[in-house]
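Not measured: the values here are computed from a predicted model. Numbers for residues simply follow the sequence, beginning at 1.
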Amino acid sequence: MSKTKRIGILTAGGDSPGLNAAIRGVGKAAISYYGLEILGFRDGFRGLAEDRRMRLDKKALAGILTIGGTILGTSRDKPHRMRIDGRIRDMTEVLVRNYEKLGLDALVCLGGGGTQKSALRLAQEGLNILTLPKTIDNDVAMTDATFGFATALDIATEAIDRLHSTAHSHHRIVVTEIMGHRAGWLTLGAGLAGGADVVLIPEIPYDIEKIASAIRRRSHHSTNFSIVAVAEGAMSQDDAPAVRAAEERKLRARNDKEKVAARLQLAALEAKHAGNTLRLAKHLEMLTGLESRVTILGYVQRGGTPSPADRVLATRLGTACADLIHEGVFGVMVAARGEGSEPIPLEKVAGKRKTVPLDHPWVESARRVGTCLGD
């Protein structure tokens, strides 16, 4: 086995607290401990396709531990579906050529579920790939945690804490939309920590009559306000079956034509779902007689200084990644496992999503303290 000398690193998908801490963890361990050279590619896979790079030396890595976002920039471009000169092109071969031209011995990709799939494609083309799990949704499969989640959980919890006083003072229902398109970890965690009265997550389709009934019971006990934490992907029991059927259709698609048809169907259903939180709030107002207000946290949850927990997680996964590169272990995601880490083959990660199990302890705890989950 030849000695690894030069590695590349990029961040792809949405931004997240802890990306810079992970870049620093990989970089400082690789440079100082193993004597490697590191090139950072700007704006995700597009940076490698267009050969836009920067050298990540000790000076470039200094002072970035506490900074949110990513010094490399990011994009949602996929190697096989990249818009170039106004049309979608498969740039996989270009990425492979640039990897070889630059003399890279490995490429580290920091990202969520989509990044894991793109990284697997490149690994199947013969590149030495490693990934680190990033996302505030905490939905990357086969890892105990993703960096970005802990910070977003702090932010969403603080928002619910602050909304309590307004809801109480004005005897209102305050509906708070929290990120989480297909996984409810963030909403469930923030709802538990913030004492939300109703928590709605994608994994548990809701019945609005049951939510209204829970709120009315609070009113009968002289509690004339309620906090509703709702994931952006939470769906009613009427809407959920159609979305799940479309997702199954996409998974079972046997060719590109079927995949495109399923993708279009999903997009149409998601467009219909847009604005669901506002409609939910208005409906609850009609059913309960209480004024309702909506707060959508949006990108606030993804920004700012990473929490100490995310800095520690990103640093230990980053340094573990450098160790694996030195050992010649490739084609894996560096997963968090307890207080340590474990290399997981990308084939076991790509295309999978970690959702909240219906019997998860957080779900059971929410029910025990009287939180309405909409079912």
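The cluster map of Ile, Leu, Val, Met, Phe, Trp and Tyr, joined by side-chain heavy atoms under 4.5 Å apart, puts Ile84 and Leu95 in the same cluster. Linking ILVMFWY side-chain heavy atoms closer than 4.5 Å, directly or via other members, places Leu10 and Ile325 in two distinct hydrophobic clusters. Both Ile129 and Met142 are part of a single hydrophobic cluster, where members link through side-chain heavy atoms under 4.5 Å apart. A chain of hydrophobic side-chain contacts below 4.5 Å, direct or via other Ile, Leu, Val, Met, Phe, Trp or Tyr residues, connects Ile38 to Tyr33. Linking Ile, Leu, Val, Met, Phe, Trp and Tyr residues whenever their side-chain heavy atoms come within less than 4.5 Å leaves Trp185 and Leu200 in two separate clusters.
Panel note: side chain Arg83, backbone Gly86; a donor-acceptor pair is recorded below 3.5 Å. A donor-acceptor contact shorter than 3.5 Å is absent between the side chain of Thr166 and the backbone of Leu163. No donor-acceptor distance shorter than 3.5 angstrom exists from the side chain of Ser341 to the backbone of Ala335, with no hydrogens or angles considered. A distance-only check finds no donor-acceptor pair linking the side chain of Asp310 to the backbone of Gly18 [under 3.5 Å]. Listed for the Ser213 side chain is no donor-acceptor partner under 3.5 Å among the backbone atoms of Glu209. The backbone N or O of Met82 lies less than 3.5 Å from no partner atom in the side chain of Arg46, so there is not a single donor-acceptor pair. The backbone N or O of Arg217 lies less than 3.5 Å from a partner atom in the side chain of His221, making a donor-acceptor pair. With Gln301 contributing its side chain and Leu153 its backbone, the two residues share no donor-acceptor pair below 3.5 Å. A donor-acceptor pair is defined here as one N or O able to donate and one able to accept, closer than 3.5 Å; such a pair exists between the side chain of Lys134 and the backbone of Ala12. In this structure, His273 contributes its side chain and Ala234 its backbone to a donor-acceptor pair below 3.5 Å.
Using a 4.0 Å cut-off between charged nitrogen and carboxylate oxygen, Arg368 and Glu364 count as a salt-bridge pair. Ion pair Asp375/Lys210 not flagged as a salt bridge, since none of the NZ, NE, NH1 or NH2 atoms sits closer than 4.0 Å to an Asp/Glu carboxylate oxygen. A salt bridge is defined here as a Lys NZ or Arg NE, NH1 or NH2 lying under 4.0 Å from an Asp or Glu carboxylate O, and Arg218 with Asp197 meets this definition. Ion pairing between a basic and an acidic side chain is recognised when a charged N comes within 4.0 Å of a carboxylate O; Lys5 and Asp105 show no such pairing. A salt bridge links Glu158 and Arg162; the closest N-O separation between the charged side-chain nitrogens and carboxylate oxygens is under 4.0 Å. Arg87 has no carboxylate O lying under 4.0 Å from a charged side-chain N of Asp85, or vice versa, which leaves the two without a salt bridge. Residues Arg182 and Glu247 are paired through a salt bridge, judged by an N-O separation under 4.0 Å between the basic side chain and the carboxylate. For Glu291 and Arg293, the salt-bridge test passes: some basic side-chain N is under 4.0 Å from an acidic carboxylate O. Arg172 has no carboxylate O lying under 4.0 Å from a charged side-chain N of Glu285, or vice versa, which leaves the two without a salt bridge.
Using a 4.5 Å cut-off on side-chain heavy atoms (C-beta onward), Arg53 and Leu102 make contact. Under the 4.5 Å side-chain criterion, counting only non-hydrogen atoms from C-beta, Asp43 is in contact with Arg52. Side-chain contact between Pro202 and Val356: absent, with no pair of heavy atoms (C-beta onward) separated by less than 4.5 Å. In this structure the side chain of Lys259 never reaches within 4.5 angstrom of the side chain of Asn255, judged on heavy atoms. Side-chain contact between Val230 and Ile178 is absent, with no heavy atoms from C-beta onward closer than 4.5 Å. When side chains are defined from C-beta on, Glu50 does not count as touching Phe41, because their heavy atoms never get closer than 4.5 Å. By the 4.5 Å heavy-atom criterion applied to side chains, Ile215 and Leu287 are not counted as neighbours. At a threshold of 4.5 Å between non-hydrogen side-chain atoms, the residues Leu284 and Ile211 count as touching.
Shown here for Ser16 and Gly148, the closest heavy-atom pair between the two residues is OG-CA, 3.2 Å. Shortest non-hydrogen contact noted between Leu72 and Gly40 is CD2-CA, 3.8 Å. The shortest heavy-atom contact between Asn20 and Thr70 is OD1-CA, 3.3 Å. When every heavy atom of Tyr99 is checked against every heavy atom of Leu127, the shortest pair comes out as CD2-CD2, 3.4 Å. Of all the heavy atoms in Asn98 and Ala49, the pair that sits closest is ND2-O, 3.1 Å. Closest heavy-atom contact between Ala336 and Leu313: CB-CD1, 3.9 Å.
When the options Lys282, Glu232, Glu177 are evaluated for a side-chain hydrogen bond (donor to acceptor under 3.5 Å, both in side chains) with Thr277, the one that passes is Glu177.
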Under the criterion side-chain contact (heavy atoms from CB on, under 4.5 Å), I'd like the reasoning laid out for Ile9 against Leu107: C-alpha separation, chi angles, the key distance, then a yes or no. CA-CA 6 Å; Ile9 189 167; Leu107 177 67; 5.9 Å; no
In sequence, state the C-alpha distance, the side-chain angles, and the governing distance for Ile136 and Met179, and then conclude on side-chain contact (heavy atoms from CB on, under 4.5 Å). CA-CA 8 Å; Ile136 69 168; Met179 282 186 167; 3.5 Å; yes
Please lay out, stage by stage, how Leu324 and Val334 fare under the test side-chain contact (heavy atoms from CB on, under 4.5 Å). CA-CA 9 Å; Leu324 291 171; Val334 187; 3.8 Å; yes
Please step through side-chain contact (heavy atoms from CB on, under 4.5 Å) for the pair Leu130 and Met333, ending with a clear verdict. CA-CA 6 Å; Leu130 301 95; Met333 178 185 76; over 6 Å; no
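Expressed to the nearest 0.5 Å, how far OG of Ser118 lies from CZ of Phe45 amounts to 4.5 Å. To the nearest 0.5 angstrom, Arg97 atom CZ is 9.5 Å from Lys101 atom NZ. Distance check: Arg302 CZ to Leu19 CG gives 10.0 Å after rounding to the nearest 0.5 Å. With rounding to the nearest 0.5 angstrom, the OG atom of Ser226 is 7.0 Å from the CG atom of Leu290. Between the OG atom in Ser307 and the CZ atom in Phe149 there is a gap of 10.5 Å [rounded to 0.5 Å].
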Please report, to 0.1 Å, the donor-acceptor pairs under 3.5 Å made by any side chain of residues 56-69, with sequence neighbours excluded.
residue	atom	partner	partner atom	Å
Asp57	OD1	Lys59	N	3.3
Asp57	OD1	Ala60	N	2.9

Please tabulate, for the side chains in residues 346-354, all donor-acceptor contacts under 3.5 angstrom to protein atoms that are two or more places apart in sequence or on a different chain.
residue	atom	partner	partner atom	Å
Lys354	NZ	Asn138	O	3.4
Lys354	NZ	Thr143	O	3.0
Lys354	NZ	Asp144	O	3.3

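For Arg121, the CZ atom is loosely surrounded, since the number of other residues' heavy atoms within 6.0 Å does not exceed 12. The 12-atom threshold is not exceeded at CZ of Arg81, counting heavy atoms of other residues, nucleotides or ligands nearer than 6.0 Å. Within 6.0 Å of CD in Glu93 there are 12 or fewer heavy atoms belonging to other residues, nucleotides or ligands.
For Gln116 and Thr131, the side-chain atoms include at least one donor-acceptor pair closer than 3.5 Å. Asp238 and Ser236 are not linked by any side-chain donor-acceptor pair at a separation below 3.5 angstrom, with hydrogens and angles left out of the test. Inspection of the Glu270 and His181 side chains reveals an N or O donor paired with an N or O acceptor under 3.5 Å. Neither side chain, Asp15 nor Thr74, offers a donor N or O lying under 3.5 Å from an acceptor on the other.
Checked against the 6.0 Å centroid criterion, the rings of Phe225 and His171 do not qualify as a close aromatic pair.
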